[in-house]
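Taking it in order: structure first as structure tokens, then the write-up.
We name chains A, B, ... by the order of the sequence lines, and we start the count at 1 in each one.
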Amino acid sequence: MIKYIIEDSYDGILSAIFDSFIFKEKPTMVTTFESQIDLLSAVKNIKITKEKVDRVDKKLFSILSLTNYKLIKTALLSGQENKHFIIFNYLYKIISCNSDVSSMYNDSDIFNYYTLVKKITLEAHRFKGFIRFSKSKNGIFYAKYSPDNDITSLIFPHFKKRFYIQPFILHDVKRNVFALSNKEKSLIAKDLDISMLGDINDDFAKLFKTYYNSVTISTRLNKKLMKNYMPVRYWKYIDEKNPLL
Amino acid sequence: MISNEKLEILTESAKYDVSCSSSGSNKKHVNNGLGNTAYQGICHSFSPDGRCISLLKIVMTNICIYNCEYCVNRVTNDIPRAIATPNEICELVMEFYKRNYIEGLFLSSAVYKNPNYTMELLLETVTKLRKLYGFNGYIHLKGIPGADNLLIMRAGEYVDRMSFNLELPTEKSLRLLAPQKSKQQILKPMKFITGEKEANSSIKSKFLPAGQTTQIIVGASSENDGQILNLSNALYSKLKLKRVYYSSYVPVNTNSKLLPTNSGGLLREHRLYQADWLIRFYGFTASEIASENENLPLEYDPKCAWALKHPELFPVDINTAPLETLLRIPGIGYKSAIKIISSRKFGKLDYSDLLKMKISLKRAIHFILIKGKFLGCEKQNEVKKLLTANDLNLNYTQLSIFSSDEIKNSILLGEL
């Protein structure tokens with residue numbers, strides 16, 4: 001029983017992979033500093049070095065298809081607590097097989113990783129629809145949301161393309177991540193002061209709620225299905241589901 | 001800004017159109033215009049009836065000269081009426097779009113004054129929306145049968161998708177329930193659009209990038225499923241339609257002697273959609289699924305029904321069968337088939353492998369061989385019983401994509 005404690009980053013996981021192969025040991029858990037420490041297992045703190053990271057990164061780049069290589073960064077956006085272990089196991093399998101076995105779904109390490117990535121990309125797709133902007137008095141469109149995964153970098157390009165003529169701010173409330181864009185430039189930042197937006201009171205939110213209620217066919221209610229597609233945990237920032245509006 | 005009351009009236013009159021898909025078009029943004037379109041479509045919300053809300057679905061007006069028996073807007077109905085101006089619609093679309101409430105507009109209309117007058121109103125609205133308001137998102141326009149071809153063609157240059165509703169599957173039912181419409185009158189513009197699109201296909205055309213669709217009301221008239229599916233088959237192959245929507249008849253007019261008093265039932269609609277998917281994505285033909293004078297069985301899904309009729313074709317070896325054969329196994333959807341194909345390259349799959357990939361075997365187990373072994377039930381009567389038991393608890397929705405329930409959550413409505 002050996003447990004690896006790593007830094008919460010791509011480099012952290014890659015260094016763990018390196019050590020695991022060098023010391024010929026497979027950890028029974030890979031986790032970050034914040035996780036609870038189990039008293040029964042041996043614990044190793046994994047140090048990041050440039051050499052470890054470079055060697056593993058080069059190896060992965062040579063084995064994986066470009067799409068699958070890039071997907072590792074996407075997987076790291078997961079909000080799941082055990083993501084480090086899932087990604088570690090996937091990468092470990094790739095290197096021990098020395099070939100891109102990413103579609104060997106009958107292997108649990110591969111399948112767990114595939115499921116992890118699926119959840120992130122599905123959520124990103126959903127939020128292209130579920131984001132709700134309100135117009136502030138100075139003409140900035142501002143949207144709050146609280147996704148399970150850190151998807152801001154995944155959905156930002158979509159909104160930049162679509163709304164490039166209007167200034168807007170995406171605000172992940174859970175992580176305090178902001179994505180800002182106007183015609184000239186765009187950036188992602190942490191912990192911004194947005195008090196300059198002032199009170200936002202948007203009449204169109206009410207009008208859309210009217211539309212939402214009228215378009216429902218009341219003789220065909222199927223709320224369970226609605227909740228499957230639009231989970232209740234997202235409703236907080238979806239205007240038409242706001243009971244106060 | 002349009003008033004709350006007007007928006008309510010115009011939405012109430014539009015909501016029985018089932019289509020809300022925003023897919024099939026892939027427009028990039030243009031200079032100083034607002035918006036683009038996503039090829040796979042995007043759902044922005046889901047209403048309590050389980051449907052996806054992707055577009056602002058609204059009628060220009062619900063003031064109608066026709067008196068179709070099944071329609072909420074028929075002239076003899078005593079309901080509040082309203083008419084919107086093109087500017088009101090344009091402004092609403094722009095403001096909703098900017099707030100990311102919608103993917104675009106689905107504009108339809110009752111027949112106001114006469115077909116040409118109505119079509120001109122619709123054309124004016126979409127032209128303004130594109131030219132004056134700079135809107136570059138998705139527009140689905142409902143065509144008005146009987147309007148001049150020239151108007152239809154010009155509208156086709158501005159919108160992504162156009163549709164004419166067939167409403168009822170046969171001329172006979174139309175004559176009975178919608179005496180002012182005829183099959184010829186509806187099919188004529190549909191054929192015209194298909195012809196136009198084909199004529200424009202050589203040059204990089206902006207004519208209706210997302211093609212055309214139609215809708216058929218099910219359960220208001222006496223046609224059976226076999227007839228309906230045959231019609232769909234023809235619409236897909238001859239008129240190159242992107243989608244046929246089936247709308248289970250909802251009794252909105254209580255005073256009709258010609259119509260059934262009960263709604264057609266969501267289960268029947270669900271079965272039709274399943275059959276429709278088999279035709280479009282699974283390589284089935286309409287006649288394989290249901291013959292001309294036959295209804296789809298309600299107890300089990302159409303693929304199960306087909307497989308039970310063809311015991312000679314089963315069981316199928318999961319490790320060697322090609323994709324098109326895997327797709328014919330009850331309970332195996334497209335995604336499961338792809339998972340099987342891509343993982344069996346690395347070695348033969350056994351029972352536990354299928355479980356690990358979360359492939360639902362409830363139905364499939366009676367139709368497959370795993371490493372030469374058959375693990376299902378031998379007696380067909382028993383199989384029938386087992387298959388009936390667990391299917392009836394499904395959620396019925398007109399747009400549910402692949403019917404296996406374990407992947408249901410990963411699929412968003414209206415994407416195709």
Side-chain angles (χ1 to χ4, degrees), chain A residues 97 101-108 110-111 114-115 118-119 122 125-126 128-135 141 143 158-159 161-166 168 202-208 210-231 238-241, chain B residues 1-2 4 7-8 11-12 14-16 28-29 32-36 38 40 42-54 56-58 92 95-96 98-101 103 137 248 250 263 266 339 342-347 349 352-354 356-358 395-397 408-410 412-413:
Chain A
C97 293
V101 289
S102 303
S103 62
M104 194 166 67
Y105 302 119
N106 53 329
D107 181 282
S108 351
I110 304 280
F111 192 78
Y114 164 82
T115 315
K118 257 307 186 34
K119 279 186 189 152
L122 171 66
H125 177 76
R126 280 175 157 169
K128 286 179 188 173
F130 295 161
I131 289 286
R132 295 286 176 271
F133 290 106
S134 310
K135 194 178 179 182
F141 287 82
H158 166 80
F159 288 104
K161 271 184 219 146
R162 175 161 289 194
F163 296 123
Y164 83 112
I165 56 168
Q166 79 188 25
F168 69 85
D202 197 326
D203 288 342
F204 280 97
K206 216 174 216 164
L207 205 57
F208 186 64
T210 301
Y211 172 71
Y212 178 82
N213 291 334
S214 313
V215 87
T216 305
I217 300 179
S218 53
T219 50
R220 298 185 54 151
L221 288 189
N222 191 347
K223 293 193 180 174
K224 201 179 146 205
L225 189 67
M226 164 181 70
K227 288 175 186 168
N228 269 346
Y229 292 116
M230 188 164 72
I238 294 180
D239 294 335
E240 63 273 24
K241 301 311 277 181
Chain B
M1 189 163 130
I2 197 167
N4 231 24
L7 178 61
E8 253 172 48
T11 308
E12 287 284 342
K15 70 178 171 191
Y16 295 99
K28 299 209 162 54
H29 66 77
N32 290 316
L34 180 73
N36 57 4
Q40 80 283 19
I42 294 172
C43 291
H44 286 254
S45 191
F46 291 88
S47 57
D49 53 25
R51 297 193 297 171
C52 147
I53 297 177
S54 176
L56 169 67
K57 199 187 292 181
I58 196 169
L92 194 62
E95 296 305 324
F96 277 8
K98 284 178 188 169
R99 287 159 180 79
N100 205 42
Y101 298 156
E103 203 55 21
S248 174
V250 181
S263 91
L266 298 186
K339 269 194 245 167
S342 45
S343 55
R344 75 185 182 193
K345 283 182 207 143
F346 301 97
L349 303 174
S352 67
D353 287 324
L354 297 176
K356 270 191 244 160
M357 293 190 275
K358 301 247 164 71
N395 280 313
Y396 302 109
T397 159
K408 209 163 57 185
N409 284 332
S410 69
L412 289 170
L413 285 176

Results of salt bridge (charged side-chain N to carboxylate O under 4.0 Å, His left out) for Asp239(A) - residues two or more places apart only: none
Atom group of Leu349(B) that falls short of 4.5 Å from chain A, counting heavy atoms: side chain
Spatial distance of atom CZ (Phe204(A)) from atom OH (Tyr101(B)) [nearest 0.5 Å]: 9.0 Å
Part of Ala205(A) within contact of chain B (heavy atom distance under 4.5 Å): both
Lys241(A), NZ atom: more than 12 neighbouring heavy atoms under 6.0 Å: yes
Inter-residue atom distance Leu207(A).CG - Ile2(B).CD1, 0.5 Å rounding: 7.5 Å
Proximal component of Phe168(A), with respect to chain B [non-hydrogen, under 4.5 Å]: neither
Selection from Ile110(A), Leu221(A), Thr216(A) maximising heavy-atom pairs under 4.5 Å formed with chain B: Thr216(A)
Rounded distance [0.5 Å steps], CD1 in Ile217(A) versus CD in Glu12(B): 9.5 Å
Test side-chain contact (heavy atoms from CB on, under 4.5 Å) applied to Met226(A) and Cys52(B), Ser45(B), Ser47(B), Pro48(B), the passing residue: Pro48(B)
Phe130(A) and Phe46(B) aromatic ring geometry - parallel, tilted or perpendicular at 30°/60° bounds: perpendicular
Whether Asn100(B) side chain and Ile131(A) backbone form a donor-acceptor pair below 3.5 Å: yes
Interface residue of largest heavy-atom contact number with chain A, from Leu354(B), Leu56(B), Ile53(B), under 4.5 Å: Leu56(B)
Per-residue contact mode, Phe208(A) against chain B (heavy atom under 4.5 angstrom): both
Expected output: side-chain Lys161(A) to main-chain Asn36(B) donor-acceptor under 3.5 Å: no
Lys98(B) backbone acceptor or donor facing Gln166(A) side chain under 3.5 Å: yes
Closest non-hydrogen atom pair between Tyr105(A) and Ser343(B), with its separation: N-CB, 3.6 Å
Minimum side-chain heavy-atom gap Lys339(B)-Phe111(A) below 4.5 Å: yes
Check: Lys57(B) main-chain N/O paired with Tyr211(A) side-chain donor or acceptor under 3.5 Å: yes
Working for salt bridge (Lys or Arg N to Asp or Glu O under 4.0 Å), residues Arg162(A) and Glu103(B): CA-CA 10 Å; Arg162(A) 175 161 289 194; Glu103(B) 203 55 21; 2.6 Å; yes
For chain A, the option from Lys356(B), Glu8(B), Lys15(B), Arg99(B) that forms the most heavy-atom pairs under 4.5 Å: Arg99(B)
Main-chain N/O of Asn222(A) paired to Asp49(B) side chain as donor or acceptor, under 3.5 Å: no
